[in-house]
Amino acid sequence: MANERLRALEEVEKEIAMILQCAGNIVLELSKDKHNASLLDRQLLQFQSSVNRVESELSAQIRYLTQVATGQPHEGSTYSARKDCQMALNRAEYAKVKLGELGRTCEVMLEQQQQQHT
């Protein structure tokens, strides 16, 4: 079970890299005088799809950790492990928020570019 969760988090990490790559491609394409609308559409769809997958998986991981983290001490102190877990959850939530903001920024930029060229 733990290995499956770690593998899922590794996939999330790869998906975040894909998100960043798509965002970079979108910004690069938007910076051109004449951009390829179909490329932008494909990159935006990939970006949104990846963000949705990351959000879904991180939410599932957070739900799981919430269920198993009872906060009851057992066989020694668990403070350090609980603190590490809470910090990881905070970082995951922060990443989720920032990815959402980045997605909205890309959408606004794309809409602005499309309005300028119509």
Hey, can you pull the donor-acceptor pairs under 3.5 Å for the side chains in residues 7-20, sequence neighbours left out?
{"unit_1": "Glu15", "atom_1": "OE2", "unit_2": "Ser50", "atom_2": "OG", "d": "2.6"}
{"unit_1": "Glu15", "atom_1": "OE2", "unit_2": "Arg53", "atom_2": "NE", "d": "3.3"}
{"unit_1": "Glu15", "atom_1": "OE2", "unit_2": "Arg53", "atom_2": "NH2", "d": "2.6"}

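- Considering CG of Leu45 and OG of Ser49, their distance stands at 8.5 Å, rounded to 0.5 Å.
- Of the inter-residue distances, the one linking Glu93 atom CD with Glu55 atom CD reads 8.5 Å to the nearest 0.5 angstrom.
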Discussion item. Could you go through Gln86 and Asn90, starting from their C-alpha distance and side-chain angles, then the distance that decides it, and tell me whether this counts as side chain to side chain donor-acceptor pair (under 3.5 Å)?
Written reply: CA-CA 6 Å; Gln86 185 60 49; Asn90 290 345; 3.0 Å; yes
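- Closest approach of Ala92 to Leu58, counting heavy atoms only: O-CD1, 3.9 Å.
- Separating the CG atom in Asp41 from the CD atom in Gln114 is a distance of 6.0 Å, to the nearest 0.5 Å.
- Using a 4.5 Å heavy-atom threshold, the side chains of Leu102 and Phe47 count as touching.
- In this structure, a donor-acceptor pair under 3.5 Å is absent between the side chains of Gln112 and Gln116.
- Residue Met109 comes nearest to Leu30 through the heavy atom pair CB-CD1, 3.6 Å, listed as atom of the first residue, atom of the second, then distance.
- Remark: Ser31 OG to Gln113 CD distance equals 9.0 Å, nearest 0.5 Å.
- Between Leu40 and Ile26, the closest side-chain pair of non-hydrogen atoms falls below 4.5 Å.
- Of the candidates Arg42, Gln43, Gln46, Asn25 forms a side-chain hydrogen bond (donor to acceptor under 3.5 Å, both in side chains) with just one, namely Gln43.
- Using modelled atom types and a 3.5 Å distance limit, the side chains of Gln48 and Asn52 yield no donor-acceptor pair.
- Between the CG atom in Asp84 and the CZ atom in Arg82 there is a gap of 11.5 Å [rounded to 0.5 Å].
- Considering CG of Leu44 and CD of Glu29, their distance stands at 12.5 Å, rounded to 0.5 Å.
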